[in-house]
2 protein chains.
Amino acid sequence: MALDSSTTAVSPSAASSTRLWDSAISDDVSFLLARANAVSMARTRQVLGPFGLKVRSYALLGIVAADTRPSQRELSEFLRLDPSQIVSLVDELQTRGLARREPDPRDRRANVVVATDAGVTLFAEAREQVLRAESAWLADLPREIRDRFGRALAQLATTEDDS
Amino acid sequence: MALDSSTTAVSPSAASSTRLWDSAISDDVSFLLARANAVSMARTRQVLGPFGLKVRSYALLGIVAADTRPSQRELSEFLRLDPSQIVSLVDELQTRGLARREPDPRDRRANVVVATDAGVTLFAEAREQVLRAESAWLADLPREIRDRFGRALAQLATTEDDS
DNA sequence: GCAAACACTTGAAAAAGTCAACTATTGAGC
DNA sequence: GCTCAATAGTTGACTTTTTCAAGTGTTTGC
């Protein structure tokens, strides 16, 4: 299923699969959330394409563009990525002149990752388009839901799992 | 990031990464949606574990348990999976006696996938637990949001992407 | 009747994720 | 102050997942 971000979302008006929306799982919040996420990923990916950014690079760039000066370890934990994946993402941004590593003065084992001016600028431009696409996507929700959807998601996103 | 279903979600109260929630991207609906989806996946996975089901098998079983008699092609399109992935999932359910293939009388190239009685029963039991976990997860949302969250997600999930 | 398209299947290839091991550094315990 | 376990970042091996190619048998459009 599109329970990941690797698939392009199309509407259930695609004739051959419309009828399967009548089955029970299409009432499951988990299914709907996965589906909505897939649509969101596809839309975001499309918007970021012209900036040469992928969703993960965009997210990492956004964090470091906020002058947070995170260590790679912090990025890894926050983004829920393996440290070796952070290495690759930072390498890529560094190669493009959008971010760089600096030695962390508090701990010689660590780097902090900082955005360059070019990185800050690119992020701002990309974010403008991302937010525009989001607004368009959310536009048809009832107003009182739309205004609180982000907050609801944030609350759900920060609920501990049942481990 | 947890922009996929492969990661266990933990709260931002995990001390070392709390401060990164202050960056811009944590306002992005796409980021929050991905995060909420990751939590949802983790919770669903945990609930389905004791039934020996994974999220995708559960979804597929749910569709065929609804007496929809879908072809594999229809399942592939609906769930946004490659046909070869449907083969594996159906194989697995078939091996466990939860579903089976039948020749499609309308088209000899095709099979329809049907749930067995055991499959229908297992799905019902699993679904009960999935819905219970969902209710618990959504419980702290404001009432007027909680009552309409699923519908909002369904609307978003069925919006065409900008392709 | 023929050729292109299609359903399912198998398996190869590519991509993504996970894990192991290394060097250098830090911090806890004595 | 010393020792050793833990840690940060890195590289690369290994595993898993996804994508793609190609095959057989069937259907459809001309």
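Each chain gets a letter, A, B and so on, in the order its sequence line appears, and its residues count up from 1.
Phosphate contact (OP1/OP2 of D/dT18, side-chain N/O of B/R56, threshold under 4.0 Å): present. OP1 or OP2 of D/dG25 has not a single side-chain nitrogen or oxygen of B/R108 nearer than 4.0 Å. Considering only side-chain N and O atoms, B/Q85 lies under 4.0 angstrom from the phosphate OP1 or OP2 of D/dT18.
Per the geometry, CD1 belonging to B/I86 stands 13 Å off C1' belonging to C/dA7, to the nearest Å. One can place CG of B/L89 at 14 Å from C1' of C/dT9, the figure rounded to the nearest angstrom. Between the P atom of C/dC8 and the CG atom of B/L81 lies a distance of 14 Å, rounded to the nearest Å. In this structure, the CZ atom of A/R80 is 15 Å from the P atom of C/dG17, given to the nearest Å. Here D/dT18 presents its P atom at 11 Å from NZ of B/K54, a figure rounded to the nearest Å.
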All N/O pairs under 3.5 Å across the protein-nucleotides 20-23 of chain C interface:
none

What nitrogen or oxygen pairs link the protein and nucleotides 6-8 of chain D at under 3.5 Å?
unit_1	atom_1	unit_2	atom_2	d
D/dT7	O4'	A/R109	NH1	3.4
D/dT7	O2	A/R109	NH1	2.8

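Here the closest non-hydrogen pair linking A/R43 and A/A136 is NH2-CB, 4.1 Å.
Side-chain contacts under 4.5 Å among hydrophobic residues (ILVMFWY), followed directly or transitively, place A/V120 with no other residue at all.
In terms of the side-chain contact (heavy atoms from CB on, under 4.5 Å) criterion, residue partners of A/A126 (sequence neighbours excluded) are, by chain and number, A/L48, A/F51, A/L53, A/Y58. Every residue two or more places apart in sequence or in another chain that forms a side-chain contact (heavy atoms from CB on, under 4.5 Å) with A/V47 is listed here: A/Q129, A/V130, A/A133. Shown here are the side-chain contact (heavy atoms from CB on, under 4.5 Å) partners of B/R100, two or more places apart in sequence or in another chain: B/Q94, B/E102, B/V114, B/T116. In this structure A/R146 satisfies the salt bridge (Lys or Arg N to Asp or Glu O under 4.0 Å) test with no other residue, sequence neighbours excluded. For B/D147, the salt bridge (Lys or Arg N to Asp or Glu O under 4.0 Å) partners are B/R143, not counting sequence neighbours. Applying the salt bridge (Lys or Arg N to Asp or Glu O under 4.0 Å) criterion to A/D107, with sequence neighbours excluded, gives A/R109. In this structure, the side-chain contact (heavy atoms from CB on, under 4.5 Å) partners of A/D27, at least two apart in sequence or on a different chain, are B/R127.
Geometric assessment of B/R35 against the ring of A/F78 yields a positive cation-pi assignment under the 6.0 Å and 45° thresholds.
Salt bridge A/R148/A/E144: absent, no basic N to carboxylate O contact under 4.0 Å. Taking 4.0 Å as the cut-off between side-chain N and carboxylate O, A/E128 and A/R132 count as a salt-bridged pair.
Side chains of B/L156 and A/V39 form no contact here, defined as non-hydrogen atoms less than 4.5 Å apart.
Within residues 94-106 of chain B, the residues approached by DNA chain C to less than 4.0 Å at the level of any non-hydrogen atom are B/R101, in residue-number order.
Rounded to 10 degrees, the angle separating the terminal axes of the helix from C/dG1-D/dC30 to C/dC30-D/dG1 is 30°, with each axis obtained from five end pairs.
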